[in-house]
Amino acid sequence: MTAEPDPAVVVAGDALIDLTPTRTVRGHLAYEPHPGGSCFNVAVGLGRLGVPTAFLARLSSDAFGQMLRAQLADSGVQLDYVVDTDDLTTLAAVHLTRGQPTYSFHAENAADRGLLPEHLRPLSAGAALHLGSIALMLEPVASTLEWLLLRESGSRVVSLDPNVRPGLIRDRVMYLDRFAGWMGLVDIVKVSEEDLSWLYPHLPRDEVIAAWHAAGVALVVVTQGEHGAVASTPSGSATCWAPVVAVVDTVGAGDAFTSGALAHLHQRGLMSREALRTLDTSALSELLQVACLVAADTCTRAGADPPRRRDLDARPAGGPQEVQMGVTDLIERARSLAVPGQRHLLGITGAPGAGKTKVARDIVDKLGPDLAAFVPMDGFHLSNHTLIGLGRRDRKGAWDTFDADGYVQLLRRLRNQQEGIVHAPDFDRDVDESIGSALPIRREVPLIVTEGNYLLSDVGGWAGVAPLLDESWYLQTDDSTRLMRLTYRHQLHGMSHEEADNWARSTDQNNAVLTLQSLPRADLVITLAES
């Protein structure tokens with residue numbers, strides 16, 4: 001039998017069962033158990049990414065505790081530091097609001113909470129230590145881990161993710177005082193924007209990061225959900241957008257990000273205090289891209305289920321996936337985004353005449369008004385009167401003949417889901433004008449399907465659209481078919497055949513060339529097949 005390698009990372013902290021709502025039974029939510037806990041998730045994520053990892057916690061012998069052990073073992077995580085107990089496993093009920101999780105904890109006298117100093121063993125030489133989350137908020141485990149932090153600081157790389165849960169913090173002032181002390185003991189701090197806003201609501205992010213660096217923290221990372229993350233060391237800083245994926249839920253995404261970042265540091269030989277301080281902008285960008293990819297992949301599955309290395313290696317090397325699909329297949333793919341209680345935005349783009357509007361309307365009609373709503377980009381055409389004043393009437397449909405900023409603001413309102421009804425504009429081709437407030441979009445509708453030429457363009461205000469989309473499709477059609485469709489469409493609306501053909505081959509074709517430049521930013525490049 002081959003001996004296990006010494007752990008490169010020891011993860012110490014919470015291990016619990018997330019109870020995730022799955023469906024309604026007789027008017028009541030039914031919950032499905034998922035192994036979880038922030039530190040548990042990080043250990044699992046590291047193990048699945050091929051990093052020799054050990055988990056330090058107190059685990060129950062009950063059925064939930066056996067689930068936790070099984071997932072650790074299946075993920076390749078070493079259990080040498082695990083302490084056995086008959087105390088019951090901590091439970092955390094997950095409540096999803098528009099796809100974002102909140103938690104209620106049932107942890108009194110629970111297994112992981114009862115970790116004491118006498119349970120601790122010497123850690124492997126050279127192993128990094130990661131800790132944080134609710135284990136640093138609940139006694140007696142909080143004092144035990146704080147003692148471990150004091151003991152190990154300076155002798156190994158120490159990583160901290162506070163993963164603040166305000167509902168578990170009884171004394172804010174005391175917690176903030178302890179937190180400030182931790183900043184002089186750790187080398188890596190990963191926080192979310194929500195953590196920062198609770199910890200220091202009146203201080204700018206950059207000021208907080210600078211103070212942490214001054215206290216001795218080498219690497220600071222701030223995650224921003226769908227907007228990616230920022231990272232900083234004394235040698236540089238970087239930002240990274242999150243990859244666009246079809247989000248099922250975000251449970252465990254922050255923990256997956258942490259495991260991705262720590263795995264990258266280990267695999268690049270950068271898990272030392274000296275190396276961390278010298279990470280420059282280029283190295284930080286690479287780190288963030290890896291961590292954001294791991295987090296985004298986790299969001300495509302329910303519960304905290306981080307990816308394995310082989311799954312990430314099997315992903316396409318870059319660029320969109322090219323597929324041939326029928327409308328029926330596209331409808332079913334869209335249906336997977338229409339998750340009640342959440343809000344997803346699907347963008348369909350392509351050159352003029354590619355069939356975007358028809359596909360979008362077919363999806364919305366088939367899914368029905370309770371699952372999907374249609375929002376056309378064309379509703380943001382500038383009026384003909386305005387275009388005449390700007391001297392652009394003869395090139396209507398070009399990128400600068402729309403209110404791009406207004407379109408972006410509407411998508412933000414739809415994504416935020418703060419309003420009971422958002423009224424979107426439509427476009428009437430018969431009168432060739434936008435119709436304001438024509439499309440009422442209800443807050444409870446889970447999927448918004450929007451289409452237009454410039455959804456993935458980076459020209460002007462259009463650059464703000466792509467980050468708001470959960471998934472983007474580029475429809476690809478041969479030019480002869482497109483030009484025929486466009487000529488026929490223009491004739492239907494009053495042009496002679498010659499006028500229609502000239503418009504399709506000049507103004508429309510110029511727009512097609514610009515749209516084609518955005519193709520590499522799509523998630524799927526789709527050639528429509530017969531359904």
Side-chain angles (χ1 to χ4, degrees), residues 226-228 239-246 289 292 296 315-325 330 333-334 337 344-360 363 374-382 392 395-412 414-415 427 448-479 481-483 485-486 504-528:
E226 65 190 21
H227 299 297
T239 62
C240 178
W241 280 95
V244 177
V245 296
Q289 287 170 11
C292 283
R315 290 172 65 97
Q321 179 184 1
E322 297 197 25
V323 295
Q324 186 175 44
M325 300 176 73
L330 294 178
R333 185 176 179 98
L337 295 171
H344 290 127
L345 272 63
L346 168 63
I348 303 176
T349 190
K356 304 181 293 294
T357 303
K358 183 179 186 307
V359 169
I363 289 171
F374 176 57
V375 175
M377 183 199 83
D378 279 351
F380 288 85
H381 269 290
L382 297 178
R392 302 175 191 172
R395 42 193 293 276
K396 184 172 184 175
W399 69 272
D400 57 351
T401 63
F402 293 83
D403 178 11
D405 292 330
Y407 179 56
V408 169
Q409 288 301 321
L410 177 78
L411 295 183
R412 285 177 179 157
L414 292 170
R415 172 164 287 289
F427 186 76
I448 305 300
V449 181
T450 187
E451 60 82 22
N453 297 341
Y454 308 117
L455 272 57
L456 301 180
S457 177
D458 59 1
V459 177
W462 296 108
V465 177
L468 297 172
L469 303 176
D470 294 290
E471 187 161 307
S472 57
W473 302 348
Y474 187 103
L475 295 190
Q476 195 167 237
T477 308
D478 65 273
D479 281 348
T481 300
R482 282 197 314 102
L483 292 171
R485 289 175 180 170
L486 290 167
R505 294 179 184 278
S506 56
T507 300
D508 287 336
Q509 192 59 25
N510 290 337
N511 300 338
V513 170
L514 177 60
T515 302
L516 182 62
Q517 295 174 9
S518 70
L519 180 149
R521 303 184 187 97
D523 295 306
L524 294 181
V525 175
I526 299 166
T527 300
L528 283 176

- Could you tell me whether a side-chain N or O of T481 sits under 3.5 Å from a main-chain N or O of T477, the two making a donor and an acceptor? no

- Message: Just to verify, what does D403 make a salt bridge (Lys or Arg N to Asp or Glu O under 4.0 Å) with, not counting sequence neighbours?
- Response: none

- Task: Please list, chain by chain and in numerical order, all residues satisfying salt bridge (Lys or Arg N to Asp or Glu O under 4.0 Å) with R505, sequence neighbours excluded.
- Result: D501

- For R485, enumerate each residue passing the salt bridge (Lys or Arg N to Asp or Glu O under 4.0 Å) test, keeping only those at least two apart in sequence or located in another chain. none

- Query: By salt bridge (Lys or Arg N to Asp or Glu O under 4.0 Å), which residues pair with D479, not counting sequence neighbours?
  - Reply: R482

- Distance in Å, L469 CG paired with L411 CG, rounded so as to fall on 0.5 Å steps: 6.5 Å

- Task: Using side chain to side chain donor-acceptor pair (under 3.5 Å) as the criterion, list what pairs up with Y474, not counting sequence neighbours.
- Result: none

- Message: Could you go through F374 and T450, starting from their C-alpha distance and side-chain angles, then the distance that decides it, and tell me whether this counts as side chain to side chain contact (heavy atoms under 4.5 Å, CB included)?
- Response: CA-CA 6 Å; F374 176 57; T450 187; over 6 Å; no

- Item | Partners passing side-chain contact (heavy atoms from CB on, under 4.5 Å) against T527 (at least two apart in sequence or in another chain) | Q324, Q476

- Got a second to check how far I348's CD1 is from K358's NZ, nearest 0.5 Å? 11.5 Å

- Message: Is a donor from one side chain sitting under 3.5 angstrom from an acceptor on the other, for S472 and D523?
- Response: yes

- Is the side chain of D470 donor-acceptor paired with the backbone N or O of L345 at a distance under 3.5 Å, no angle test? yes

- Note on the structure: Of all heavy-atom pairs linking A354 and L475, the shortest is CB-O, 3.8 Å

- Task: State yes or no: are the ring centers of Y454 and W462 separated by less than 6.0 Å?
- Result: yes

- Query: How many angstroms lie between atom CD1 of I448 and atom CG of L410, to the nearest 0.5 angstrom?
  - Reply: 9.0 Å

- Message: Do Q517 and S457 make a side-chain contact, defined as non-hydrogen atoms from C-beta onward lying under 4.5 Å apart?
- Response: no

- Query: CD of Q509 to CG of L514: how many Å apart, nearest 0.5 Å?
  - Reply: 12.0 Å

- Item | Working for side chain to side chain contact (heavy atoms under 4.5 Å, CB included), residues V525 and L519 | CA-CA 7 Å; V525 175; L519 180 149; 3.8 Å; yes

- Message: If you apply the rule side chain to side chain contact (heavy atoms under 4.5 Å, CB included), what do you find for R333 with L524, and how did you get there?
- Response: CA-CA 11 Å; R333 185 176 179 98; L524 294 181; 3.3 Å; yes

- K396 and H381: side chain to side chain contact (heavy atoms under 4.5 Å, CB included), yes or no, with the steps? CA-CA 8 Å; K396 184 172 184 175; H381 269 290; 3.6 Å; yes

- Message: Is it the case that the side chains of N510 and T507 hold a donor-acceptor pair, with the cut-off being a distance below 3.5 Å and no angle test?
- Response: no

- Nearest 0.5 Å please: distance from the CD atom of E322 over to the CD1 atom of I526. 11.0 Å

- Message: Contact between F380 and T401 at the side-chain level, heavy atoms closer than 4.5 Å - yes or no?
- Response: no

- Measure from the side-chain N and O atoms of T349 to the backbone N and O of G452, and report whether any donor-acceptor pair falls under 3.5 Å. yes

- Task: Compare all side-chain heavy atoms of R395 with those of D400 and state whether any distance is below 4.5 angstrom.
- Result: yes

- About how many Å separate NE2 of H344 and CD of E471, when rounded to the nearest 0.5 Å? 9.5 Å

- For the residue pair W399 and N511, establish whether any side-chain heavy-atom pair is separated by less than 4.5 Å. no

